[in-house]
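Beneath this line is the structure, given in structure tokens, with notes to follow.
Lettering follows sequence order; numbering is per chain, from 1.
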Amino acid sequence: AQSVSQHNHHVILSEAASLELGCNYSYGGTVNLFWYVQYPGQHLQLLLKYFSGDPLVKGIKGFEAEFIKSKFSFNLRKPSVQWSDTAEYFCAVNEVGTGGFKTIFGAGTRLFVKA
Amino acid sequence: DGGITQSPKYLFRKEGQNVTLSCEQNLNHDAMYWYRQDPGQGLRLIYYSQIVNDFQKGDIAEGYSVSREKKESFPLTVTSAQKNPTAFYLCASSTQSSYNEQFFGPGTRLTVL
């Protein structure tokens, strides 16, 4: 079965530390890639997405992600985290096939940033 | 104000009872989705609908049912056949393009007593 793997379930960082959250998927066809974020008490919302062009995409709040097709990866990065980045982060993949697409979510990574 | 509303926010039910969770969107999206979110398991797709009067089972449809009689509404019924119904339920909608993201509601936390 197709899957999306997020390598870290829990990450604890101090403010100003750099962040990298891993995401790998298993689908060999055309994909569109997303990172969503769920801040405490808030709706799940889009952080950034990739569907074509420059494999390095920038999102809100200083986040970026790099699509590496050969590695089936779409890792999320931020050079310097803030306490307000404490949230749960989900990688998602739209697997495009004949007749439409299917969205698969990863299990999520809980990030806690210490002030 | 465009968005997705889910009601109620918290729901309690006794074992053996069916319960219906509401989801409404005013984004004019064709596609709507129901997910179940459990700690450490991410979002698992229960049912989805790409157009009115049509819906498909997701990965964990057993014990659930849906209807899509109107574009803006996609209610989910958790039946007594669902063995482990206590969970956080999220509704989402999107356009039919794979390029576009899903928009999520605030969720309903269902607890079966």
Side-chain angles (χ1 to χ4, degrees), chain A residues 1-10 21 23-25 27 29-53 57 59-60 65 67 74 87-110, chain B residues 1-7 9-10 21 23-27 29-51 54-61 74 87-109:
Chain A
Q2 310 299 349
S3 64
V4 175
S5 299
Q6 290 184 240
H7 313 299
N8 312 99
H9 294 299
H10 294 92
L21 301 182
C23 174
N24 285 89
Y25 61 93
Y27 186 64
T30 301
V31 292
N32 298 314
L33 302 156
F34 306 81
W35 277 97
Y36 290 88
V37 61
Q38 190 171 31
Y39 297 104
Q42 294 189 27
H43 298 201
L44 203 65
Q45 60 186 280
L46 181 72
L47 200 55
L48 49 77
K49 67 179 179 181
Y50 170 82
F51 56 90
S52 67
V57 292
I60 60 172
F67 171 48
F74 190 53
E88 190 161 16
Y89 294 81
F90 293 91
C91 181
V93 177
N94 280 0
E95 301 171 347
V96 184
T98 55
F101 64 93
K102 180 177 181 181
T103 303
I104 309 287
F105 281 83
T109 297
R110 283 186 182 271
Chain B
D1 214 9
I4 300 180
T5 55
Q6 290 185 244
S7 61
K9 189 171 181 179
Y10 299 96
L21 281 58
C23 177
E24 304 277 331
Q25 55 101 357
N26 61 5
L27 300 168
H29 286 163
D30 285 311
M32 296 187 74
Y33 313 81
W34 273 106
Y35 294 93
R36 173 181 170 137
Q37 186 178 9
D38 296 285
Q41 297 193 56
L43 277 66
R44 292 183 291 165
L45 183 65
I46 304 172
Y47 268 97
Y48 64 103
S49 168
Q50 293 184 321
I51 202 163
D54 187 47
F55 50 83
Q56 285 80 39
K57 292 182 179 180
D59 299 319
I60 55 164
F74 191 41
F88 189 58
Y89 291 88
L90 281 169
C91 179
S93 72
S94 75
T95 68
Q96 289 194 355
S97 167
S98 66
Y99 302 152
N100 288 330
E101 70 270 25
Q102 295 182 24
F103 291 80
F104 287 85
T108 292
R109 186 165 297 280

(message) Between A:Arg110 and A:Glu88, does any side-chain N to carboxylate O distance fall below 4.0 Å?
(response)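 Salt bridge flag = yes for A:Glu88 with A:Arg110.
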
Residue [X] versus chain A: region with a heavy atom under 4.5 Å:
X       : value
B:Gln41 : backbone
B:Tyr35 : side chain
B:Gln96 : backbone

(request) Please list, chain by chain and in numerical order, all residues satisfying side chain to side chain donor-acceptor pair (under 3.5 Å) with B:Ser49, sequence neighbours excluded. (result)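 So B:Ser49 forms a side chain to side chain donor-acceptor pair (under 3.5 Å) with B:Arg68.
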
(request) Applying side chain to side chain donor-acceptor pair (under 3.5 Å), name anything that partners B:Gln25, two or more places apart in sequence or on another chain. (result)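 Testing B:Gln25 for side chain to side chain donor-acceptor pair (under 3.5 Å), a comparison that skips the adjacent residues, returns none.
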
What part of [X] gets within 4.5 angstrom of chain B, counting heavy atoms only: side chain, backbone, both, or neither?
X       : value
A:Tyr36 : side chain
A:Gln42 : neither
A:Gln38 : side chain
A:Leu44 : both

(message) Check for me whether the distance between the ring centres of B:Tyr33 and B:Tyr47 falls short of 6.0 Å.
(response)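 No: the rings miss the under 6.0 Å criterion.
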
(request) Find out whether B:Phe104 and B:Leu43 are in side-chain contact, i.e. whether some heavy atom of one side chain is under 4.5 Å from a heavy atom of the other. (result)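 The answer is yes; the side chains approach within 4.5 Å.
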
(message) Pair B:Asn100, B:Thr95 - check side-chain hydrogen bond (donor to acceptor under 3.5 Å, both in side chains), show working.
(response) CA-CA 7 Å; B:Asn100 288 330; B:Thr95 68; 3.0 Å; yes

(request) Quick one: which of A:Thr109, A:Ile104, A:Asn94 has the most heavy-atom pairs under 4.5 Å with chain B, could you say? (result)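 Ranked by heavy-atom pairs under 4.5 Å with chain B, first place is A:Asn94.
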
